[in-house]
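Note that the numbering runs from 1 along the sequence shown for the chain.
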Amino acid sequence: MRSVPGVPQRLPLVLALLVGVLAALAPTASAAVDTAKVARALERDGVYVDPLFRDVVSPRQERTFARLAGEASPRTYIALVPLERGDRFDGDPQKLATALQGRLGPKAGAAVYLLRSSNGGLRAQDYSTGRFAYPTKASQAERVAQYEDVDGEQPEWNVRELLQRYFAVLKQPNLAQRAEKAKGGDDDADYDRPAGGRGTSEGSPVGDGGAPVLALVLVAVLVLAAVVGLLARRRGARHADDAMPVLPDRVFEHARAAQRSGLRLDAETELLQLSELLDAQAVPNREAAQDAYQRALDGYTAARRTLNGTDRIVDVVGVLVLVDMARAELARAKDLDAGRKPRVRKALCFFDPLHGRAKRTVGWERGLQVPVCAECAAAMSGRGQLDPLRDGDRPYFEADTVWARTGFGAFDDDLIGRVSRGE
């Protein structure tokens, strides 16, 4: 083989080794999509997950999605299969949906198909009118789930996260307006546009002579990135069913910056993930662990009921706090059942839970000790101004609500019970 000037002689060998490692690690792709097999699975429980996606969607998570798909209107089917350019469907989700609709026939009725597109995104193919329709509520929810972000940038969701966001978005108000504002175009070319990159422009300084070098370098980088990514996903898959003690800090950071609709979407997403954790964790054997597990269930129920019955920001913040408490109770149940010392949930900032975890406890009115974040602690020392969560035109703690009476749990650790009782 004739060498390319400027390319190290060992680079082909390095590339071959990288490709070999990737081939050894990656699961073997199916030669073709078996539409009959997929259709049988959809007819049975509404969901089909190809083995290639088992590191992203576990069987327990599949059951959660089957329930959500069954509750959706119109009836929704989820088929996660590998689609690539040049395959039987040429990587086109619409062609696959048409084939599945043909196999299911009248059994499918009015249906929406949620499919993984060839670029790794999500496609909602709507046949609820008896033929393919666009735009529809399903396609609008798909767009918002993929492209709406408070920073105006497309996040790198995996297909499980996209499905979670899709079902959360589907019930949101002003869906059409939000879809119009979301990134992504109306035509099929925009849907299949690879995320996060553009080709070399006509004015690129890379000339024809440098193209082979650039191509080889890009191949090396992409192969290495694929290997690293695959290893990371596999490491993450081993811990996919572990209950996290509380909500990650990033949830509160994002929620604090979110607009009204974005905050509610955050709450919906966290409720879906809590539901998955509850489904994944078996009922414990020890009595104390069972009590903690029941509190986690009660927390989920209270949070879901609260979110379904309100549009007030203070209540949506309360939902996030309830989810945080429920996750802590779920972790406590797991620890107690295993005979371990339970992990302790760190309190959220009293003045606004969206500030995140408290850094210290300080004295406040009437001798009360309240947990506060670093910013609020500095403000109480005269080095800034307090920024409390507001309930209408006043700080939330001046209202007569369960959130004010408990300080979102700062004064009373039975917040889940009090909300469940309708106090």
Side-chain angles (χ1 to χ4, degrees), residues 244-249 251-253 255-257 263 266-267 270 288 291-292 294-296 298-303 305-307 309-310 312-333 335-336 341-423:
M244 293 184 65
V246 290
L247 292 180
D249 289 341
V251 172
F252 295 102
E253 292 170 3
R256 188 178 181 184
L263 182 61
D266 283 338
E270 295 308 325
D291 290 341
Q294 184 60 52
R295 284 192 296 273
D298 292 343
Y300 171 81
T301 302
R305 187 172 64 243
T306 299
L307 190 62
T310 187
R312 298 167 66 239
I313 290 295
V314 68
D315 291 332
V316 180
V317 173
V319 169
L320 286 172
V321 175
L322 289 170
V323 171
D324 189 63
M325 289 182 163
R327 290 180 69 144
E329 291 293 347
L330 198 57
R332 178 180 175 83
D335 288 339
L336 288 171
K341 182 179 179 180
R343 287 161 282 183
V344 178
R345 171 182 175 268
K346 195 170 183 179
L348 296 166
C349 179
F350 160 75
F351 289 104
D352 186 345
L354 298 185
H355 290 175
R357 304 289 164 192
K359 300 299 183 184
R360 56 181 294 192
T361 300
V362 300
W364 192 51
E365 299 175 354
R366 302 185 300 278
L368 291 172
Q369 296 291 313
V370 296
V372 296
C373 66
E375 292 179 8
C376 289
M380 295 184 73
S381 300
R383 299 193 304 275
Q385 186 173 356
L386 278 175
D387 181 26
L389 176 68
R390 302 192 71 80
D391 186 353
D393 59 354
R394 56 186 169 175
Y396 84 89
F397 44 78
E398 294 180 1
D400 184 21
T401 64
V402 68
W403 318 121
R405 292 189 293 271
T406 65
F408 283 104
F411 306 147
D412 188 343
D413 60 5
D414 190 31
L415 178 62
I416 290 176
R418 295 185 68 166
V419 176
S420 298
R421 293 190 294 271
E423 295 184 14

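- Considering every non-hydrogen atom in both Tyr396 and Ala404, the closest pair reads O-CB, 3.3 Å.
- Put simply, the side chain of Glu329 does not reach to within 4.5 Å of the side chain of Asp291, judged on heavy atoms.
- Between Trp364 and Phe411, the gap from one ring centroid to the other reaches at least 6.0 Å.
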Show your reasoning for whether side chain to side chain contact (heavy atoms under 4.5 Å, CB included) applies to Thr361 and Phe350. CA-CA 10 Å; Thr361 300; Phe350 160 75; over 6 Å; no
Under the criterion side chain to side chain contact (heavy atoms under 4.5 Å, CB included), I'd like the reasoning laid out for Glu270 against Arg327: C-alpha separation, chi angles, the key distance, then a yes or no. CA-CA 10 Å; Glu270 295 308 325; Arg327 290 180 69 144; 3.7 Å; yes
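- Heavy-atom minimum distance, Gly409 versus Met325: CA-CE, 3.9 Å.
- With a 4.5 Å cut-off on side-chain heavy atoms, Leu320 and Leu263 count as touching.
- Phe397 contributes atom CZ, which lies 9.5 Å from atom CG of Leu389 (distance to the nearest 0.5 angstrom).
- How far CG of Asp335 is from CG of Leu330: 10.0 Å, rounded to the nearest 0.5 Å.
- Using a 4.5 Å heavy-atom cutoff, the side chains of Trp403 and Val419 are in contact.
- Taking CZ from Arg312 and OG1 from Thr401, the interatomic distance works out to 6.5 Å, rounded to the nearest 0.5 Å.
- Between Lys359 and Ala374, the closest heavy-atom pair is CG-N, 3.6 Å.
- Taking the charged nitrogens against the carboxylate oxygens, Asp400 and Arg405 do have a contact shorter than 4.0 Å, which makes a salt bridge.
- Taking CD from Glu398 and CG from Asp391, the interatomic distance works out to 10.0 Å, rounded to the nearest 0.5 Å.
- Heavy atoms only, all atoms of each residue included: Thr306 and Ala302 are closest at OG1-O, 2.7 Å.
- For the pair Ile416 and Ala326, the tightest heavy-atom approach, listed with the atom from each and the gap, is CD1-N, 4.2 Å.
- The closest side-chain heavy-atom distance from Asp387 to Asp352 is not below 4.5 Å.
- In this structure, the side chains of Val321 and Leu348 come closer than 4.5 Å at one or more pairs of heavy atoms.
- Asp414 meets the side-chain hydrogen bond (donor to acceptor under 3.5 Å, both in side chains) test with Arg421; sequence neighbours excluded.
- Between the OG1 atom in Thr406 and the CZ atom in Arg418 there is a gap of 6.0 Å [rounded to 0.5 Å].
- Residues Arg345 and Arg332 fail the side-chain proximity criterion, which asks for heavy atoms closer than 4.5 Å.
- The distance from the CZ atom of Arg305 to the OG atom of Ser420 is 6.0 Å, given to the nearest 0.5 Å.
- Under a 3.5 Å cut-off, the side chain of Arg357 and the backbone N or O of Lys346 do form a donor-acceptor pair.
- The neighbour count for Asp413 CG, taken as heavy atoms of other residues, nucleotides or ligands under 6.0 Å away, does not exceed 12.
- Among all heavy-atom pairs drawn from Pro371 and Ala410, the shortest one is CD-CB, 3.8 Å.
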